Amino acid sequence: MVQSVRGMRDVLPDEARRWRSVEDRIKYLMLGYGYEEIHLPLLEATELFSRGVGEGTDIVEKEMYTLTDQEGSGITLRPEGTASCVRALQEHGLLFNQTQRVFYSGPMFRYERPQKGRYRQFYQIGAEVFGAGGAEVDAELISMCYRLWCDLGIDRRVHLELNTLGSSSVRKRYREALVTYLTPLIDQLDEDSQRRLSRNPLRILDSKNPQTQALLEDAPVMSAFLDEESVANYERLKELLNQLQVPYQQNDRLVRGLDYYTDTVFEWVTTDLGSQGTICAGGRYDGLVEMLGGKPTPGSGYAIGLERVLLLHELDHAEREPRSADVYCCVVDPAQHGWAMHFIEQLRELAPDLRIRLHAGGGKLKNQLKRADQTGAQWALIAGDSEVTNNRVAVKFLRTDQAQVEMGLNELAAFLNNAIQS
RNA sequence: GUGGACGUAGCUCAGCUGGUAGAGCUCCGGGUUGUGAUCCCGGCGGUCGUGGGUUCGAGCCCCAUCGUCCACCCCA
């Protein structure tokens with residue numbers, strides 16, 4: 001047998017039901033905040049990510065699925081959504097003198113070692129705001145997440161970590177100071193941090209190596225370098241979060257792995273998923289549009305890792321998502337199947353919201369009713385010889401003690417429509 | 001990319017110092033002429049991840065490979 005490709009995953013019906021329900025709730029919430037859905041391609045020019053995400057980042061250096069197409073163009077399966085989003089809005093003139101709130105969803109691709117909650121094809125839902133700077137937008141994005149966790153019942157399992165990286169010029173000065181401090185200590189750093197010292201020194205800050213962390217105790221801190229505007233923004237954001245009653249922790253070691261972030265960065269973190277603890281992360285990226293060739297435009301957003309949110313959701317909501325069918329129609333004898341099909345088609349027309357499953361594959365009535373029970377259906381319809389002659393079906397109540405009754409088409413449609421209202 | 005654990009029925013797992021593979025659940029049939037719980041009886045189901053090697057003999061030992069998981073790394 002041919003197996004699936006490493007790091008790729010099948011989502012089977014039991015999981016797909018939960019998936020759909022969670023995904024729908026996220027999108028519904030985003031629509032409720034006035035965000036508009038957009039659809040973006042899976043393939044982009046490789047250059048979009050090397051420029052947008054950053055040459056020195058791990059994503060660009062070793063995790064991209066990059067290929068050359070028949071025309072010789074370098075194209076890449078998107079490893080994240082923000083760069084594509086900027087590209088699309090820019091390309092269609094939607095960033096011109098206006099504020100845009102948009103969201104997108106779909107698979108992203110990164111060549112990493114697979115683990116639970118970390119796949120090579122994984123699903124993100126992201127929200128982005130363009131054309132509006134300031135802490136208010138950041139606060140909106142964050143409180144939107146918080147409402148979502150509460151909605152999904154996972155707020156108890158996550159906490160918010162917050163930091164500010166300052167403007168790009170501030171970050172540059174801070175980076176130099178950090179390198180100056182760490183260079184004499186390079187022999188004491190762990191191997192990864194040594195490598196990062198030249199490529200991406202800020203990432204040393206969130207090293208998990210205890211010895212490296214000890215060395216960082218006396219390192220220069222970002223907060224001392226921030227300019228007045230960044231400080232004011234950060235203070236304003238914290239004030240807004242207090243007002244919105246969104247709990248947060250400041251983490252001045254929080255650094256994102258993508259180069260485009262400026263000022264506000266945040267991560268929603270859980271300790272219940274092993275080392276894949278970040279379920280949602282984002283921040284402000286006021287320089288990105290310009291980096292990709294547009295006019296200077298403020299931007300801010302976040303992305304949710306859907307598989308991880310689903311894993312968390314499952315911890316407290318182990319019961320299966322119910323209702324794969326409302327009505328299950330049993331056919332006593334194959335001779336009645338055609339009649340039953342026609343009856344059901346008419347019923348679908350009169351009761352379009354019902355989920356009706358017609359038994360397939362024959363078998364005894366006993367087994368058909370067992371199937372009916374397993375689908376979670378409320379009612380079983382039975383079409384047998386006597387019913388068909390009278391142009392009616394038997395209605396059996398699978399979840400209550402009510403006695404079985406016979407009904408004609410119109411009576412049944414009216415009854416079922418009424419019943420699923422409540 | 002580094003280190004480690006694990007791959008046995010559709011699912012969850014057992015399998016002794018190497019002697020020719022088992023349970024529960026599921027599924028199917030019967031106990032019921034056309035009525036879903038439970039119960040009882042019976043049955044289907046395996047080239048033990050794959051490929052090599054050692055051995056009279058391998059699920060078990062060795063090597064390789066693929067996959068999953070854990071930590072590192074990375075990130076959502």
Side-chain angles (χ1 to χ4, degrees), chain A residues 1-9 12 14 53 57-63 78-82 105-127 145 158 190-193 195-196 200 203 206-210 254-258 266-270 273-283 301-312 328 330-333 336 359 361-388 394-401 403-404:
Chain A
M1 272 300 276
V2 178
Q3 292 179 316
S4 67
V5 172
R6 184 170 164 86
M8 304 291 141
R9 225 167 57 89
L12 302 177
D14 276 345
V53 175
T57 60
D58 285 329
I59 293 179
V60 171
E61 259 183 8
K62 51 191 188 194
E63 293 177 3
R78 62 180 184 192
E80 61 109 44
T82 303
S105 64
M108 307 292 164
F109 301 85
R110 291 181 200 171
Y111 186 86
E112 298 180 273
R113 185 108 169 217
Q115 228 170 290
K116 193 196 212 109
R118 185 174 77 180
Y119 309 102
R120 289 180 175 179
Q121 175 179 330
F122 62 101
Y123 203 92
Q124 281 190 345
I125 303 183
C145 292
V158 296
D190 60 273
E191 208 178 308
D192 289 311
S193 296
R195 195 160 32 78
R196 288 193 194 122
N200 206 341
R203 296 220 43 98
D206 56 11
S207 164
K208 283 179 191 165
N209 184 290
L254 178 64
V255 181
R256 311 298 346 285
L258 293 76
F266 60 89
E267 268 185 36
W268 290 94
V269 182
T270 177
L273 253 36
S275 54
Q276 266 58 57
T278 303
I279 63 161
C280 170
Y302 62 82
I304 297 169
L306 194 63
E307 286 90 346
R308 293 180 186 178
V309 168
L310 284 164
L311 285 169
L312 266 195
Y328 194 99
C330 306
V331 183
V332 176
D333 189 276
Q336 283 117 27
H359 180 81
K364 306 200 160 189
L365 181 59
K366 177 185 166 111
N367 287 335
Q368 297 191 30
L369 284 165
K370 197 171 172 183
R371 297 272 169 238
D373 187 36
Q374 287 169 347
T375 63
Q378 301 274 324
W379 304 278
L381 305 183
I382 301 168
D385 203 26
S386 62
E387 289 84 4
V388 169
V395 181
K396 182 178 173 70
F397 297 82
L398 296 173
R399 311 291 159 204
T400 65
D401 290 333
Q404 184 169 318

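Source: prediction; values computed, not measured. Atom set for the values below is all heavy atoms of this structure, side chains included, hydrogens, waters and symmetry mates excluded. In what follows, chains are A, B, ... by sequence order, proteins preceding strands, each numbered from 1.
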Practice item. With side-chain contact (heavy atoms from CB on, under 4.5 Å) as the test, would you mind laying out the steps for A/W379 and A/Y328 before giving the verdict? Key: CA-CA 6 Å; A/W379 304 278; A/Y328 194 99; over 6 Å; no

Practice item. Let me see the working for A/K370 and A/D373 under side-chain contact (heavy atoms from CB on, under 4.5 Å), right down to the final yes or no. Key: CA-CA 5 Å; A/K370 197 171 172 183; A/D373 187 36; 5.6 Å; no

Practice item. Assess whether side-chain contact (heavy atoms from CB on, under 4.5 Å) is satisfied between A/Q276 and A/L311, documenting all intermediate values. Key: CA-CA 11 Å; A/Q276 266 58 57; A/L311 285 169; over 6 Å; no

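Annotation: side chain to side chain contact (heavy atoms under 4.5 Å, CB included) contacts of A/R6 (sequence neighbours excluded): A/R113, A/P114, A/R120. With sequence neighbours excluded, no residue forms a ring-ring contact (aromatic ring centres under 6.0 Å, His included) with A/Y302. Partners of A/Q336 according to the side chain to side chain contact (heavy atoms under 4.5 Å, CB included) rule, which considers only residues two or more places apart in sequence or in another chain, are A/V331, A/V332, A/D333, A/D385, A/V388.
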Review point. Based on Watson-Crick and G-U pairs with both distances under 3.5 Å, what dot-bracket line describes RNA chain B 5' to 3', crossing pairs as [ ] and inter-strand pairs as |?
Key: (((((((..((((.....[..)))).(((((.......))))).....(((((..]....))))))))))))....

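Both A/E63 and A/G7 lie near RNA chain B, and the one whose nearest nucleotide falls closer to the 5' end is A/G7. In terms of position on RNA chain B, the residue among A/E80 and A/P114 whose nearest nucleotide sits closer to the 5' end is A/P114.
Side-chain contact between A/R308 and A/F122: absent, with no pair of heavy atoms (C-beta onward) separated by less than 4.5 Å. Taking the side chain as every heavy atom from C-beta outward, A/I59 and A/E80 never approach each other to under 4.5 Å. Residues A/P107 and A/R78 are in side-chain contact: their nearest non-hydrogen atoms beyond the backbone lie under 4.5 Å apart. In this structure the side chain of A/E63 never reaches within 4.5 angstrom of the side chain of A/P79, judged on heavy atoms.
Distance alone, capped at 3.5 Å, places no donor-acceptor pair between the A/R118 side chain and the A/G7 backbone.
Whole-Å rounding puts the A/N209 CG to B/U2 P distance at 20 Å. Rounded to a whole Å, the CD atom of A/E112 is 12 Å from the P atom of B/G1. When rounded to the nearest whole Å, the span between OH of A/Y111 and C1' of B/G1 equals 9 Å. Atom pair A/I279:CD1 and B/A76:P shows a separation of 13 Å (rounding to whole Å applied). The CD atom of A/E61 sits 15 Å away from the C1' atom of B/C75 (whole-angstrom rounding). Between the CZ atom of A/R118 and the P atom of B/C75 there is a distance of 10 Å, rounded to whole Å. We find that NZ of A/K62 is positioned 11 Å from C1' of B/C72, with the value rounded to whole Å. Summarising the geometry, the separation between CZ on A/F266 and P on B/A76 is reported as 11 Å, rounded to the nearest angstrom.
When distances run from any side-chain atom of A/K116 to the nucleotides B/C75, B/A76, B/C69, the shortest one goes to B/C69.
One P atom belongs to B/G19, the other to B/C13, and the distance between them is 24 Å to the nearest Å. B/U20 and B/G59 have their P atoms separated by 10 Å, with the value rounded to a whole Å. Comparing B/G49 with B/C11, their P atoms sit 13 Å apart, to the nearest whole Å. Nucleotides B/A21 and B/U47 have their P atoms positioned 13 Å apart, rounded to a whole Å. The P atoms of B/U8 and B/U50 are separated by 10 Å, rounded to the nearest whole Å. Here, B/U68 and B/G30 have their P atoms 42 Å apart, quoted to the whole Å. A distance of about 25 Å separates the C1' atoms of B/U54 and B/G46, rounded to the whole Å. A distance of about 34 Å separates the P atoms of B/G31 and B/U12, rounded to the whole Å.
Contacts of A/A372 with the nucleic acid, taken as non-hydrogen atoms under 4.0 Å apart, are absent. Within 4.0 Å (heavy atoms only), A/G81 reaches no atom of the nucleic acid at all. A/G282 comes within 4.0 angstrom of nothing in the nucleic acid, heavy atoms only. Within 4.0 Å (heavy atoms only), A/E267 reaches no atom of the nucleic acid at all.
The side chain to side chain contact (heavy atoms under 4.5 Å, CB included) test with A/E267 singles out one residue from A/T278, A/V158, A/I279, and that residue is A/T278.
A donor-acceptor contact under 3.5 Å is formed by the side chain of A/R308 with the base of B/C75.
Taking OH of A/Y123 as the start and CG of A/L310 as the end, the distance is 11.0 Å to the nearest 0.5 Å.
Dashed line: the shortest gap from a side-chain N or O of A/Q115 to OP1 or OP2 of B/A71 is under 4.0 Å. The shortest distance between the side-chain N/O atoms of A/S275 and the OP1/OP2 oxygens of B/C73 is not below 4.0 Å. Between A/R6 and B/C66, a side-chain N or O to OP1/OP2 separation shorter than 4.0 Å is absent.
For the residue pair A/Q374 and A/R371, a side-chain donor N or O sits within less than 3.5 Å of a side-chain acceptor on the partner.
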Point to revise | Where protein sits on nucleotides 26-40 of chain B, one letter per nucleotide: B base, S sugar-phosphate only, - none, heavy atoms under 4.0 Å | key: -SSSS---BBB----

Exercise for review: Heavy atoms under 4.0 Å is the rule here; annotate nucleotides 4-13 of chain B 5' to 3' with B where the base is hit, S where only the sugar-phosphate is, and - elsewhere.
Suggested key: B---------

